[in-house]
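All of these numbers come straight from a predicted model, not from anything done at the bench. Below, chain A is the first sequence line, B the second, and so on; all start at residue 1.
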Amino acid sequence: MRPYSLTRRLVMTVLFIQLISAAAITGLTVIYEHHTHFHSFDIMLHGRADSLLGAVQDAEDPGDNVMLDGTEVSLPSSDIYEVVDANKRLLGRSRNWSGPNESDASLKEESFFKLRLNGKKYRVLKIGGLRMVDPGDKGGGIPRHVTVIYGSPTESVWRAVWGTVAFYALTSIALLAISGLLMFWLLNRGLAPLRELAAEAAGVSVDSWNFVPSERVRMTKELAPLAGALETVLHGLQRSFVQQRQFVSDAAHELKTSVAVVKSSLQLLAMKRRTVHEYETGLERSYLDCERMEEIVARMLMLARAESEPDQKAAEYSTNMAQSVKLVMEQFETMANVKKMKLVVLGVEEVVVRAEPEELRLLCSNLILNAIQHSHAGSEVRARLKRQGSVAELCIEDDGTGIPPEALPFVFDRFYRSDQSRSRNTGGTGLGLAICKAIVSRHGGTIDIASVVNSGTTVTVRLPVRDA
Amino acid sequence: MRVLLIEDEVRLAQNIASALREGPGFAVDCAEDGETGLDLAGNLCYDLIVLDLMLPKVDGLAVLQRLRQRRDRTSVLILTAKVGHSSIVELLNAGADDYLSKPFDLGELIARAKALIRRSKGFATPTLRVSDLEVNTVEQTVRRANELVELSPTEYRILEYLIHKPRVVVSKRELLEHLYDYNWEHHSNVVEAHVSNLRKKLDAATGQPSIETLRGRGYRLLVGAEGSQ
């Protein structure tokens, strides 16, 4: 697409409309001027023809004829005329008119016609009149019919008409040019807020999210919604960009540390000659280090999957939550026994929820594993599931170490560990609760945590129920 | 030489500590968080601090800043998993002496640790010479008047420490602190025995005394007329 200027387009549109108006006015002027000028021209023509008629006189000859007394009238030399009597006899003619008799019988009297003579255009009037010869005789004299044909060149009239039209047309064009320039300038000024907004928006980048539209932009009725929308979008983008960047940086840190562990284990082993037993122990440790790295990678992928766009099919799933909870509790039975802990299933109601079964199981196992990892030997982990209206509520309680209040707001953050060194020792990746949160949000639910240090932690998950 | 390692990733800390003990024979104390690290650094005299950046309680940068605030001049080697130029500049400006990005090479870590220690004691090359005594810290060999002297690991470490501080009286307490980490039981007579053996081995080559004992004060490496290099 060709580059397109709003200002130019607007100016062109207005100028086009003005041009059409100017053309219309000019056209109307032509008609009006033509009409008025020719109207007075015709009156003048009539007057001259009449005065010529008045110059026809008794010839005082035996045939009682009439004659044209050339001394009686003074007419412009450019005019042409011809006076004919009823017998088509030419009584008189202007000097500049030669050639055939022009008095055409087919033309009615009192009518105008055009005539071209010696390359000049004339407007010609034909009138008739009666002339009384010997009006003093009995019977009032003899009437003689006379026809006068009188023409005058139209050139000067047309010159007057075109002069006026040219004046109007030129004035219109000049006005068009002036108003075009004026409009260009005004539009440029008027569109300044738009340019400001564009400049401000152009300044936004991943390193500088600062977008503050000027007061002028905010106060412009047409731009305020756009500026507001831009601000909102940029805020959202910035937030997710910063989060994403943080995640990448955290993930890089975790992975690099894991790689550092594996690498250093192997380098330490290779530093000098060792006994077979030392090699065996070292290799076993390296193997465990690798497994831990594997787990971190697997969990990060899990989180990335869970955090991808909301599950469109969430509404279609129907999973028996009670079954999932019981199943996971059974799976962890052995682990709890090793730690000399008890897993207790308190009232578990039969509830069917809209959740993908595999993710629901992952959610439960993450929560129960967390509870076990943060509990002392001999304590209990309790699971409770009940239905509250259209919501299934799952509570996992432990009597463990608890989470300090200042750490509570961050426990769902990725890679957050309330006590880093301790959790690393127990094998935590800092992703468990973040994965839980992602799974729950994906299914339109909520997750909350309440904790008292050295007394225990309760995690509450609420998921929408599917009614049969 | 005694090193303080502040690193929260337990397995990595174990590996680094083992490498520093086995390689250059340093005594290594480990701290798992910034707070413990600061306590240890305040109570004991270290030749080098190896500091991780992401630490629980007090993070690495804060540890570094507090160390420098209380006028601790110990060399600090930073371990970082962060990428980005600005953080490195920030660290060096905050008083760090060197840094290594994770995952690093253990050999490089050892070499940098040794370089930092020798720099802090005023030497430029890994081979330290004081009059006719020469200690090569890379090969961990000792020569007296160009004769190779065989030393036990502890004897070598005592000599390495003494040669880093020529003409200075080093007390038994100081030697103990810099030779052993806090997992060892401290017996000053152990030091006496090691120093006595070391002196015998060094003097056997030339017959000239090498280490002077100042009663009640400690030991001093005797420097010949040529002076130190």
Can you tell me how far apart OG1 (Thr80(B)) and NE2 (His253(A)) are? Round to the nearest 0.5 Å. 7.0 Å

With a 6.0 Å cut-off (strictly less than), is the heavy-atom count around CG of Asn93(B), excluding the residue itself, greater than 12? yes

Taking atom CE of Met271(A) and atom OG of Ser18(B), what is their separation to the nearest 0.5 Å? 8.5 Å

State whether the number of non-hydrogen atoms from other residues, nucleotides or ligands found under 6.0 Å of Tyr279(A) atom OH is greater than 12. yes

Checking heavy atoms, do the side chain of Leu79(B), its backbone, both or neither come under 4.5 Å from chain A? neither

More than 12 heavy atoms of other residues, nucleotides or ligands under 6.0 Å from CD of Glu406(A): is that the case? yes

Around atom OH of Tyr156(B), are there more than 12 heavy atoms from other residues, nucleotides or ligands closer than 6.0 Å? yes

Can you measure from CD (Gln267(A)) to CZ (Phe104(B)) and round to the nearest 0.5 angstrom? 8.5 Å

Between the CD atom in Glu9(B) and the OG atom in Ser264(A), the distance rounded to the nearest 0.5 Å is 9.0 Å

Around atom CZ of Arg274(A), are there more than 12 heavy atoms of other residues, nucleotides or ligands at under 6.0 Å? yes

Check Ser265(A) against Arg11(B) and note the closest heavy-atom contact, atom names and distance. OG-NH2, 3.0 Å

Quick one: does any side-chain atom of Asn15(B) pair with a main-chain N or O of Leu268(A) as donor and acceptor, under 3.5 Å? no

Is there a salt bridge (Lys or Arg N to Asp or Glu O under 4.0 Å) between Lys102(B) and Glu254(A) once you walk through the steps? CA-CA 10 Å; Lys102(B) 291 180 188 175; Glu254(A) 288 301 312; over 6 Å; no

Give a yes or no on whether Arg70(B) atom CZ has more than 12 heavy-atom contacts from other residues, nucleotides or ligands under 6.0 Å away. yes

